[in-house]
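Computed over heavy atoms, backbone and side chain alike; hydrogens, waters and symmetry mates excluded.
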Amino acid sequence: IEGIIRDEMDKIDGQEVQFPVALPASLWEESGRYESVGSELLRFKDRNGSKMVLGMTHEEAAVQLVREYGQTYAKYPFMIYQIQTKFRDEARPRAGLIRVREFTMKDAYSFHTSQEDLEEYYEKCYHAYERIFARAGIPETIAVASDSGMMGGSLSHEFMLLTPVGEDSIAICPECGYKANVEMAASIVENPQEDYEELKLVYTPNIHTIEEVCEFLHAPKEKSCKAVVYQKNSNDEYVVLFIRGDLDVNETKLTNYLHEDVHPAEITEECGLHAGYIGPYKLEGNFTVLYDSSLKGACNFSCGGNVEEYHYTGLCMERDLPDAEYHDFAKIIDGGVCPECGKHSITVSRGIEVGNIFQLGTKYTKSMNMKYLDKDSTEKYPIMGCYGIGVGRLAASVCEAHHDEYGPIWPMAIAPWQVHLCCVRPDNEEVKNYADKLYEELQNAGIEVLYDDRKVSAGVMFSDADLMGVPVRIIASPRNMKEGCCEIVTRDKSVQKKVAVADVFEEVNAMVAQAMEK
């Protein structure tokens, strides 16, 4: 996989470098991320008391490396990349190699003198990624618009392998081809226009959840307004977010809007909020109050009454809360409105993120004061792009896409070996001599061979071979030798044939060459 990545990065003029894993915190303080990034960044001190971090990404190091080199426009554009160990202090590592703390990653950084030049290179990298995933064995990977998160920047894409075991959710419109991570896909909701009903305070004893309220009032969840309460991590200030009852809050959208992280609120008696009965009408207290776009035009809704055991019915936002400002905080849903074509055609699928690309702009060069002298003798900040691929995660994703109940089915291009030679009954001199000779011949031809000449049963040998997932298997056994042949089987079971011993080398050589060309 690393070989494929290097080849494609070199083809788009990348220069390989290697940054340290342990970095001085001063670089991250320059960019502002030392404080802004959460606990995923591992911070520590060395023996001299100097603050250090373990690199989870290397934008700061890239700027540090090239800011002396890139002092004139004549040096641009250029791209540097590395394949390096990274560390994220993940709270919940899971799913094998999909989400881990320590991982191998290719990250690349390009530097440009204009947005147009960045966009041109961004497209080159986009297509290089398509080739990487196709060569690695998952051409079905799709690119989706994504949230830039802590990386910053104006535009970003994630490359996703659609699979039910994926940890990300992707919104897809089969009508127009729109694709986006649900974290940034706009949620569009339409509320029907109705005549206003009277706003009434209704006694709802011992009822707290939106499901209980709707059941008690004999109304669907989409005719209700629910409150979701958070606290800001910085100062524990309460954030009360009102959203339509059938929708969920997209916390990425919320933190992007607030420009800070939040956590689920602990609602105490002193805070002024009545858990289970919080509503937007006559809510009093020192809170940040937000309204999701799903409530725009909402009419005849139920909501909390801000009094214990009471709810309102007949809430009409335009009449009762005319000054409310609406923003998109909701997760897009199956059957939702496509932000691109406007049809109710959105489907939400699961996927594994195998790569990402970002247009970073001047976020890092400005904060770290990297400048170059332009043609007109003015100082300017270079514009950056960033491009990442998780190598271990890609291997796991290929395995997820290509396996059966017996084990992985590795594509030839990234298989740990190309051929698995099984010498059944190595105590048989004829079989052993032939297998030894064939092994040497294949090795000399540059074919990667795993040779199993253990004294185990054929069943154990073949079961282990399935677990290895090597694309082509050669079986040399006493029975085959009597027939003057060897059995050649592909791991995906599409080929199973007997070939004369004199022709085995040529046959296997051709199979490997053909598979490598795909």
Checklist entry - What heavy-atom pair brings Ser397 and Ile98 nearest, and what distance separates the two atoms? => result OG-CD1, 4.2 Å
Checklist entry - Are any side-chain N or O atoms of Glu60 and backbone N or O atoms of Leu27, one a donor and one an acceptor, separated by less than 3.5 Å? => result no
Checklist entry - Do Asp292 side-chain atoms and Phe329 backbone N/O form a donor-acceptor pair below 3.5 Å? => result yes
Next on the checklist: Taking the side chain as everything from C-beta on, heavy atoms only, tell me whether Phe103 gets closer than 4.5 Å to Arg88.
Outcome noted: yes
Checklist entry - Would Ile383 and Gln359 satisfy side chain to side chain contact (heavy atoms under 4.5 Å, CB included), going step by step from the backbone distance to the final call? => result CA-CA 8 Å; Ile383 301 168; Gln359 291 186 18; over 6 Å; no
Checklist entry - Quick one: does Ser294's side chain have a donor or acceptor within less than 3.5 Å of a partner on Val189's backbone? => result no
Next on the checklist: Quick one, Val512 with Glu448, criterion side chain to side chain contact (heavy atoms under 4.5 Å, CB included). Give me CA distance, side-chain angles, the key distance, then yes/no.
Outcome noted: CA-CA 10 Å; Val512 171; Glu448 298 164 355; over 6 Å; no
Item to check | Residues Asn356, Ser156; criterion side chain to side chain contact (heavy atoms under 4.5 Å, CB included); working and verdict | outcome: CA-CA 7 Å; Asn356 50 49; Ser156 58; over 6 Å; no
Checklist entry - So, does Arg99 use its side chain to make a donor-acceptor pair with the main chain of Glu90 at under 3.5 Å? => result no
Checklist entry - Taking Thr104 for the side chain and Thr85 for the main chain, is one N or O donor matched with an acceptor at less than 3.5 Å? => result no
Checklist outcome for this item: side-chain hydrogen bond (donor to acceptor under 3.5 Å, both in side chains) pairs touching residues 70-81, sequence neighbours excluded, are Asp10-Tyr81
Next on the checklist: Let's go through Gln443 and Tyr451 carefully: what are the C-alpha distance in whole Å and the side-chain angles of both, what is the deciding distance for side chain to side chain donor-acceptor pair (under 3.5 Å) to 0.1 Å, and is it a yes or a no?
Outcome noted: CA-CA 10 Å; Gln443 290 270 86; Tyr451 184 19; over 6 Å; no
Checklist outcome for this item: Here the gap from Cys341 atom SG to Ile346 atom CD1, rounded to the nearest 0.5 Å, amounts to 7.5 Å
Item to check | Side chain proximity check, Ile352 to Arg393, heavy atoms < 4.5 angstrom | outcome: yes
Checklist entry - Under the 3.5 angstrom rule, does the side chain of Asn444 hit a backbone N or O of Glu440 as a donor-acceptor pair? => result yes
Checklist entry - Would a distance-only check, ignoring hydrogens and angles, find a side-chain to backbone donor-acceptor pair under 3.5 Å from Thr490 to Val495? => result yes
Item to check | Polar side-chain atom of Arg491 near backbone of Asp466 as donor-acceptor pair, under 3.5 Å | outcome: yes
Item to check | Pairing of Glu8 and Arg135 as salt bridge, 4.0 angstrom limit | outcome: yes
Checklist entry - Do Glu16 and Arg6 pass the side chain to side chain contact (heavy atoms under 4.5 Å, CB included) test, and can you show the C-alpha distance, the side-chain angles, and the key distance before you say yes or no? => result CA-CA 8 Å; Glu16 187 171 4; Arg6 281 193 175 94; 2.9 Å; yes
Checklist entry - If only atom types and distance count, is the side chain of Ser367 paired as donor or acceptor with the main-chain N or O of Lys363 below 3.5 Å? => result yes
Item to check | Side-chain heavy atoms of Lys331 within contact of Ser169, under 4.5 Å | outcome: no
Next on the checklist: Are the side chains of Val431 and Cys423 in contact, using a 4.5 Å heavy-atom criterion?
Outcome noted: yes
Checklist entry - Hey, what's the ring geometry for Phe78 with Tyr69, parallel, tilted or perpendicular (30° and 60° as the breaks)? => result perpendicular
Item to check | Side-chain touch Asn250/Ser187, heavy atoms, less than 4.5 angstrom | outcome: no
Next on the checklist: For Glu400, is there an ion pair with Arg350 - N to carboxylate O distance below 4.0 angstrom?
Outcome noted: no
Checklist entry - Is the shortest heavy-atom distance from the side chain of Trp28 to the side chain of Arg43 under 4.5 Å? => result no
Next on the checklist: As a quick check of understanding, evaluate salt bridge (charged side-chain N to carboxylate O under 4.0 Å, His left out) for Asp427 and Lys455, giving each step before the final call.
Outcome noted: CA-CA 8 Å; Asp427 57 336; Lys455 293 177 181 177; over 6 Å; no
Checklist entry - Quick one: do Asp453 and Lys432 make a salt bridge, cutoff under 4.0 Å? => result yes
Checklist entry - If only atom types and distance count, is the side chain of Tyr34 paired as donor or acceptor with the main-chain N or O of Val53 below 3.5 Å? => result no
Next on the checklist: Less than 4.5 Å apart, side chain to side chain, heavy atoms only: is that true for Tyr387 and Lys106?
Outcome noted: yes
Next on the checklist: Does anything in residues 412-435 form a ring pair (Phe, Tyr, Trp, His ring centres under 6.0 Å)? List the pairs, not counting sequence neighbours.
Outcome noted: none
Checklist entry - Would you call Arg479-Glu483 a salt bridge at under 4.0 Å N-O? => result no
Next on the checklist: Angle between ring planes, Tyr126 versus His157, binned at 30° and 60°: parallel, tilted or perpendicular?
Outcome noted: perpendicular
Next on the checklist: Does the plane of the ring in His112 sit parallel, tilted or perpendicular to the ring in Tyr121? Use 30° and 60° as the thresholds.
Outcome noted: tilted
Next on the checklist: Do His402 and Trp410 make a side-chain contact, defined as non-hydrogen atoms from C-beta onward lying under 4.5 Å apart?
Outcome noted: no
Next on the checklist: How long is the straight-line distance from OG1 of Thr57 back to NZ of Lys86, given to the nearest 0.5 Å?
Outcome noted: 5.0 Å
Item to check | Trace of the side chain to side chain donor-acceptor pair (under 3.5 Å) decision for Ser477 with Asn480 | outcome: CA-CA 5 Å; Ser477 68; Asn480 287 337; 3.3 Å; yes
Checklist outcome for this item: For Asp464, the side chain to side chain contact (heavy atoms under 4.5 Å, CB included) test, sequence neighbours excluded, returns Arg454, Val460, Leu467
